[in-house]
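These figures come from a predicted structure and were not determined experimentally.
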Amino acid sequence: MLLEEVPVAVDSFNHDGGVLFFCSHAHEDHLKGLNKKWRKGPLFASAITRQLLLLKWPSLEITALELGRTYQIPLMDGLEIEVYLIDANHVPGSVMFLFSGYFGSVLYTGDFRLHEKHQDIASLAPVRDLVGPFLQVNFGSFSKTGDKGLSRIYLDNTFCDPRFQQPSREDVAAAISKRFRRKWPCIIFVESYRLGKETLLLHLAQKLRSRVLVSEERKKTMRACGFESDQVQIQSCDPLQASEDLLQTEALRGCIWAISRQNLRKGMWQASDSGCAFHGIRATGWAEQARKEESMPSCEDLDENLVAVSDDGVFHYLYSDHCSFLELVQFLQFLPKAPVTFISPVGSSEGTYSFDGADGIQKLMASASVPSIRYSERPTRCFEKTSLPRAKRKAEGPHEEDGYEQKKSAGA
DNA sequence: GCGATCAGCT
DNA sequence: CACAGCTGATCGC
């Protein structure tokens, strides 16, 4: 997104209007426009994110920024911008950016999960001191109170609806290790993306006194994230390449095996064909849908954090790398009041499991006293099947991306 | 031909 | 649906 206050682009790299570029973390959907030949401007990221990007594109030029200190970076025409990185507690390397300068102070959260340390953001110098005078000149609504603080918050609104009440990742990890202690030893397949859930894998391995098995690529990723330790052995091993013999050995010994979503079922079938003891774990923020779709476990087998067990034996847990709705409210309450821009487009309430974006916006404004929320609307899904080739559809013209803003006064 | 991008899917 | 990808088709250098 290109910030409106200053020509800075975060997590999107196609903007010719961008002067400085920042990457909040190395998930694929935050790297749009990046490629090995990308050279639109200076690129900044945390040291870990930089390492992860270099694994993908070794020739990229990226400046690593440390967390917890202020950097002055030249912008244009003698102007500079200050930036301060904050741990976003989302995936390894993920950060929030606090930008400040002639435009005031702007917080870009990126994807994040609330952490105690986020309370300190309000006492950081750019929020506490720097912005006041600028706000009095440039921002009418703030000059009345003379508030110091933030001129805007770009917020991770992934789960901005009261129905999202995911427990802490620590609680869920503890519940998982407790449950699987009784099933030990076995192969535990843990579905995971290319980046994320490392803490869960290591927690399980530690609690079960076992090892983590990952793909070769993921082992490099974990090394770049600094996850090598003497405590837990991380072994590279592809479950789909494993021989029957190896699967049986691993099952008898017990192991935590990271596996991609599209390979989870295949891996489980192979283990099953080899006569192994195994289980699958799906730990996602969207587990609520599983509760509706899958049969629930028998009552005596229930624990609070197990969401559902599907027919084929996959255990679904509600494990989220994004804030719950309550955490979003708490986060905003830690900060000075400021207008909010949602980072992700908002959808409507159509569809069985999608939540009502408008409702979430109203609830957030009411609960956290947000003066206004700006957001773009997710294009409504076109259910009409079109058999036209892409070139022809393209010729019919692009549709506008509409922007919206809801003000507090307009609400209930 | 190949890498980048997009549509479609889960 | 889609947390964040993957696959296969197509674009374009």
message: Heavy atoms from C-beta onward define the side chain here; which of C/dA4, B/dG3, B/dT5 lies closest to that of A/N35?
response: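 When the side chain of A/N35 is considered, B/dT5 is the closest of C/dA4, B/dG3, B/dT5.
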task: Go through C/dC3, B/dA4, C/dA4 for me and flag the one nearest to the A/T284 side chain.
output: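 Selected nucleotide: C/dC3.
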- prompt: Is there a donor-acceptor contact under 3.5 Å linking the side chains of A/S94 and A/H25?
  reply: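 Result is no, nothing qualifies.
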- request: Find out whether the Lys NZ or Arg CZ of A/R69 is both under 6.0 angstrom from the six-membered ring centre of A/Y71 and within 45° of the ring's axis.
  value: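 Judged by the rule (NZ or CZ under 6.0 Å from the ring centre, within 45° of its axis), A/R69 counts as positioned above A/Y71.
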Taking atom [atom2] of [N] as reference, at what distance in whole Å does atom [atom1] of [X] sit?
X      : N      : atom1 : atom2 : value
A/R265 : B/dT10 : CZ    : P     : 13 Å
A/R282 : C/dA2  : CZ    : P     : 14 Å
A/K197 : C/dA4  : NZ    : C1'   : 9 Å
A/L52  : C/dG5  : CG    : P     : 11 Å
A/L34  : C/dG5  : CG    : P     : 14 Å
A/D111 : C/dA2  : CG    : P     : 15 Å
A/H322 : C/dG5  : NE2   : P     : 10 Å
A/F164 : C/dC1  : CZ    : P     : 14 Å

- prompt: Rounding to the closest angstrom, what is the interatomic distance between B/dA7 and C/dC1 at atom P?
  reply: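 One P to the other, the span is 15 Å.
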query: For DNA chain C, whose closest nucleotide is more 5', that of A/D29 or that of A/K37?
result: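 With A/D29 and A/K37 compared, the 5'-side residue is A/D29.
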Considering just the side-chain nitrogens and oxygens of [X], establish if one lies under 4.0 Å of OP1 or OP2 belonging to [N].
X      : N     : answer
A/H27  : C/dC3 : no
A/R378 : C/dA2 : yes
A/H90  : C/dC3 : no

Nearest non-hydrogen partners of A/A205 and A/V232, listed with the distance: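 Where A/A205 meets A/V232 most closely, the heavy atoms are CB-CG1, 3.5 Å.
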field: Taking every non-hydrogen atom, the tightest pair across A/Y108 and A/M1
entry: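 Minimum heavy-atom separation between A/Y108 and A/M1: OH-CB, 4.0 Å.
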query: So does A/D245 have more than 12 non-hydrogen atoms from other groups sitting under 6.0 Å from CG?
result: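 No, the 6.0 Å shell around CG holds no more than 12 heavy atoms from other groups.
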Can you pull every protein N or O that's under 3.5 Å from an N or O on nucleotides 6-8 of chain C?
residue	atom	partner	partner atom	Å
C/dC6	OP1	A/R194	NH1	3.2
C/dC6	OP2	A/R194	NH1	2.6
C/dC6	O3'	A/Q262	NE2	3.4

field: Cationic N near anionic O, under 4.0 Å, A/K40 to A/D16
entry: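 Judged by the 4.0 Å cut-off on N to carboxylate O distance, A/K40 and A/D16 do form a salt bridge.
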query: Taking the six-membered ring where the residue is Trp, are the ring centres of A/H279 and A/F189 under 6.0 Å apart?
result: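 No.
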